[in-house]
2 protein chains.
Amino acid sequence: MDTKSLIITIATTLFQQKGYIGVGLNEILKECNISKGSLYHHFPNGKEELLIACLQSLKETITTDIVEIFGRYQNTKKATNAMIEKIIHNLETEGTLTGYTFSSIVSEMALLSDAVRNACAELYQEIENIYVNKLTADGYSKENARSIALLMTASIEGGMMLCLTQKTSEPLKIISKTIPNIFDDNVNVVNL
Amino acid sequence: MDTKSLIITIATTLFQQKGYIGVGLNEILKECNISKGSLYHHFPNGKEELLIACLQSLKETITTDIVEIFGRYQNTKKATNAMIEKIIHNLETEGTLTGYTFSSIVSEMALLSDAVRNACAELYQEIENIYVNKLTADGYSKENARSIALLMTASIEGGMMLCLTQKTSEPLKIISKTIPNIFDDNVNVVNL
DNA sequence: GTCTATAGGACGATAGAC
DNA sequence: GTCTATCGTCCTATAGAC
């Protein structure tokens, strides 16, 4: 792998786990086994430019991954359960925030950098769109599909937070079991 | 107000908005108009001790507030809508993370400090317990109440995240409208 | 109980050799 | 394209006067 890709790969994981401010350039350099001069050659505008490159890379990875899972299952309910299953598996093997989550970056940077905030917004939007497409294929109206997709995104993101504090994957497991209740028999009762 | 309370009050808000690492002691001191010696007199173990004091204070504030709201409304649905309404109001007037959220602290510190992680876990638990009590009063079984309360906590926390990225309160508004669908006609279908 | 001054280290970023 | 050396700033924390 070329140096630039290596930096992005390693930095992405670190940023997901520890947030943007929580990861120093030195830590990234050490894990990559490169030096400061090399990093600034590939990212002349420094750390924030690197972060945005990581978010773009993350967008590719996440959407490819979720599209693949959602293509493999008949309906949104089964696909969602499979997806959360995968997140839980990651969480239990790595013991930390990875996969489809980047809440640490959002909560730190949303107020500090519009460029980063927009990149994160775009990433959430891409994920939600995949849900919306599957839900409309299931027969939901566009409006209801959007509401449900948003609730899915929010509860998975929040569920990761709860898993982190509890050091268990229980919260996501319960969410995986509870979320389908929004789908069932509620095709027409969204937006009361 | 005595100095110690002043420090806690101001630091709590700053930590909620910018996270733990994102706020320097100097910024806290400046807003309090006090000096470093004074802060270290009240919190001899430094910044992390202050953070934990802030989380304890936050627990008081949040639970008092939510208990009050949940006491004012007949059922969980109405109480939840009123609560989210209040969060949205805060969000729109302050334009930043405050109120019942502390996701920035969780995502930054959960892996770094067990003391902080436990304080956050306790805080989430307190909030969930209020929901659980109201839900069982509504007639839900203990187990279903727990599942729904967890989904509520997660989706509100995740919804704040989406509001931050989009600079709108739309996500929380939609969540407020969509969440009640989990309650309706689903008393017995949780945990499929 | 509050102040000033300062220690000692980590940070992001730059300069210039090779 | 990668390296080392270094700058200037910020950080948490401490020491000691009042």
Next item on the list: Could you walk me through whether A:Glu85 and A:Ser176 pass the side chain to side chain donor-acceptor pair (under 3.5 Å) test, one step at a time?
Entry: CA-CA 8 Å; A:Glu85 203 68 40; A:Ser176 181; 5.3 Å; no
How close or far is atom [atom2] of [N] from atom [atom1] of [X], stated in whole angstroms?
X       : N      : atom1 : atom2 : result
B:Glu48 : D:dC11 : CD    : P     : 18 Å
A:Lys36 : C:dC11 : NZ    : P     : 8 Å
A:Ile28 : C:dA10 : CD1   : P     : 17 Å
A:Ile7  : D:dT2  : CD1   : C1'   : 11 Å
B:Leu6  : C:dG1  : CG    : C1'   : 14 Å
A:Leu25 : D:dT9  : CG    : P     : 18 Å
A:Leu51 : C:dG12 : CG    : P     : 12 Å
B:Leu29 : C:dA5  : CG    : P     : 15 Å

Check: With the threshold set at 4.0 Å, does a side-chain nitrogen-carboxylate oxygen contact exist between A:Glu128 and A:Arg146?
Finding: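 Answer for the salt bridge query: no.
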If you compare every side-chain N and O of [X] against the phosphate oxygens of [N] (OP1, OP2), does one of them come in below 4.0 Å?
X       : N      : value
B:His42 : C:dT2  : yes
A:Asn26 : C:dC11 : yes
B:Thr3  : C:dT2  : yes
B:His41 : C:dG1  : yes

Checklist line | Audit row: B:Glu27, B:Lys18, salt bridge (Lys or Arg N to Asp or Glu O under 4.0 Å) steps and yes/no | finding: CA-CA 11 Å; B:Glu27 186 177 356; B:Lys18 307 190 180 185; 2.6 Å; yes
Next item on the list: Determine the contact category for A:Gly37: base if any of its heavy atoms lies under 4.0 Å from a base atom, sugar-phosphate if only primed atoms, P, OP1 or OP2 are that close, otherwise nothing.
Entry: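 The answer is base, as A:Gly37 lies within the cut-off (heavy atoms under 4.0 Å) of a base atom.
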Next item on the list: May I ask you to check whether over 12 heavy atoms, not counting those of A:Lys173, lie within 6.0 Å of atom NZ?
Entry: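 More than 12 heavy atoms, drawn from other residues, nucleotides or ligands, come within 6.0 Å of this atom.
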Notebook entry, point to check: Judged by modelled atom types alone, do A:Ser147 and A:Asn144 share a side-chain donor-acceptor pair under 3.5 Å?
Noted result: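 Note: A:Ser147 and A:Asn144 side chains miss the donor-acceptor criterion.
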Note to self: Counting only side-chain heavy atoms from C-beta out, which of C:dC3, D:dC3, D:dT12 sits nearest to B:Lys47?
What the structure shows: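 From the listed options, D:dT12 comes nearest.
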